[in-house]
Chemist: 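Please see the structure below; I have some questions.
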Amino acid sequence: MTIFERVQELSRKQGKTLQKVANDLGFGDNYLYTLKKQKPKADNLEKLADYFHVSVDYLLGRAEAKPVNEPIDLAEVANSDDDAIFDSILSAGGRPLTEKDKAMIKLVFADRWEELQQKAKDLGIEIWSEQDLLDL
């Protein structure tokens, strides 16, 4: 897949025309079409990567499409029983989360309130009731 094809695909996924992307980035109307046959300058490649929230390596075809700034769904993380997810994507002050940290995140974002309330109590975490939180 060429850089042009990747840009075209990313544009389509975001519901934008190539002309809109070019205008947003300050490129000429037909600039993106030139990427069918030539590689962009480094600064333009960087602009494209930042615009689409992907890596330059992705645009160059060296990596899979993984958005650089992909949002993390904390409810999904909190409802997962796999603590490895916490360890791989979340930290506290650059350090791994403690069991208390994980329990608190689960209490705030999970759909399993009663189960997690008990776990928090087992860990010695003082918690409020669901109604207390709603009354804030």
Side-chain angles (χ1 to χ4, degrees):
M1 188 179 280
T2 66
I3 293 172
F4 172 77
E5 291 167 331
R6 290 185 195 285
V7 168
Q8 188 175 39
E9 178 184 13
L10 291 165
S11 298
R12 187 176 58 250
K13 285 181 179 178
Q14 290 189 9
K16 297 177 181 177
T17 65
L18 290 176
Q19 185 173 3
K20 166 93 170 112
V21 172
N23 289 339
D24 287 350
L25 293 172
F27 299 152
D29 288 343
N30 294 316
Y31 172 76
L32 295 175
Y33 292 98
T34 66
L35 301 180
K36 287 181 180 182
K37 296 185 180 190
Q38 59 188 0
K39 294 196 186 233
K41 294 179 181 178
D43 59 331
N44 289 344
L45 189 61
E46 184 179 7
K47 284 181 186 178
L48 285 164
D50 290 345
Y51 184 84
F52 289 114
H53 305 289
V54 297
S55 68
V56 169
D57 280 340
Y58 171 72
L59 291 176
L60 292 172
R62 297 178 182 167
E64 291 181 33
K66 292 183 182 175
V68 174
N69 297 319
E70 183 177 332
I72 296 170
D73 184 341
L74 288 176
E76 184 178 312
V77 172
N79 284 306
S80 171
D81 290 325
D82 185 1
D83 277 353
I85 292 175
F86 279 97
D87 298 334
S88 67
I89 62 174
L90 298 174
S91 66
R95 294 181 300 277
L97 296 176
T98 65
E99 289 304 311
K100 285 184 178 185
D101 293 335
K102 292 174 188 177
M104 292 303 293
I105 290 170
K106 287 183 178 187
L107 282 170
V108 173
F109 292 99
D111 296 329
R112 304 173 301 179
W113 182 257
E114 291 79 17
E115 175 190 340
L116 295 170
Q117 259 184 321
Q118 185 58 49
K119 185 171 183 176
K121 286 178 186 176
D122 293 345
L123 291 169
I125 300 171
E126 187 177 329
I127 57 170
W128 295 339
S129 71
E130 203 167 356
Q131 189 58 48
D132 291 337
L133 293 173
L134 292 173
D135 290 341
L136 289 178

Chemist: So which of L35, D43, V56 actually passes side chain to side chain contact (heavy atoms under 4.5 Å, CB included) with L48?
Modeler: L35

Chemist: Considering residues at least two apart in sequence or located in another chain, which fulfil the side chain to side chain contact (heavy atoms under 4.5 Å, CB included) criterion with D29?
Modeler: Q19, N23

Chemist: Between NZ of K16 and CZ of F52, what distance do you get to the nearest 0.5 Å?
Modeler: 7.0 Å

Chemist: Once side-chain hydrogen bond (donor to acceptor under 3.5 Å, both in side chains) is applied, do any residues pair with D24, and if so which ones, sequence neighbours excluded?
Modeler: K20, Y51

Chemist: Using 0.5 Å steps for rounding, measure from the NE2 atom of H53 to the OH atom of Y58.
Modeler: 14.5 Å

Chemist: With sequence neighbours left out, what residues match K39 under side-chain hydrogen bond (donor to acceptor under 3.5 Å, both in side chains)?
Modeler: none

Chemist: What pairs with T17 under side-chain hydrogen bond (donor to acceptor under 3.5 Å, both in side chains), at least two apart in sequence or on another chain?
Modeler: none

Chemist: If you measure from CG on L32 to CD1 on I3, what distance do you get to the nearest 0.5 Å?
Modeler: 11.0 Å

Chemist: If you compare all heavy atoms of A22 against all heavy atoms of G28, which two are closest, and at what distance to 0.1 Å?
Modeler: CB-O, 3.5 Å

Chemist: Check L25 against K47 and note the closest heavy-atom contact, atom names and distance.
Modeler: CD2-O, 3.9 Å

Chemist: How would you list, by chain and number, every residue that makes a side-chain hydrogen bond (donor to acceptor under 3.5 Å, both in side chains) with D122, sequence neighbours excluded?
Modeler: Q118

Chemist: If I take atom CE from residue M1 and atom CG from residue L59, how far apart are they, to the nearest 0.5 angstrom?
Modeler: 11.5 Å

Chemist: Give, for atom OG1 of T2 and atom NZ of K37, the distance between the pair rounded to the nearest 0.5 Å.
Modeler: 12.0 Å

Chemist: Counting only heavy atoms not in E5, do more than 12 sit closer than 6.0 Å to its CD atom?
Modeler: yes

Chemist: What pairs with Y33 under ring pair (Phe, Tyr, Trp, His ring centres under 6.0 Å), at least two apart in sequence or on another chain?
Modeler: F4

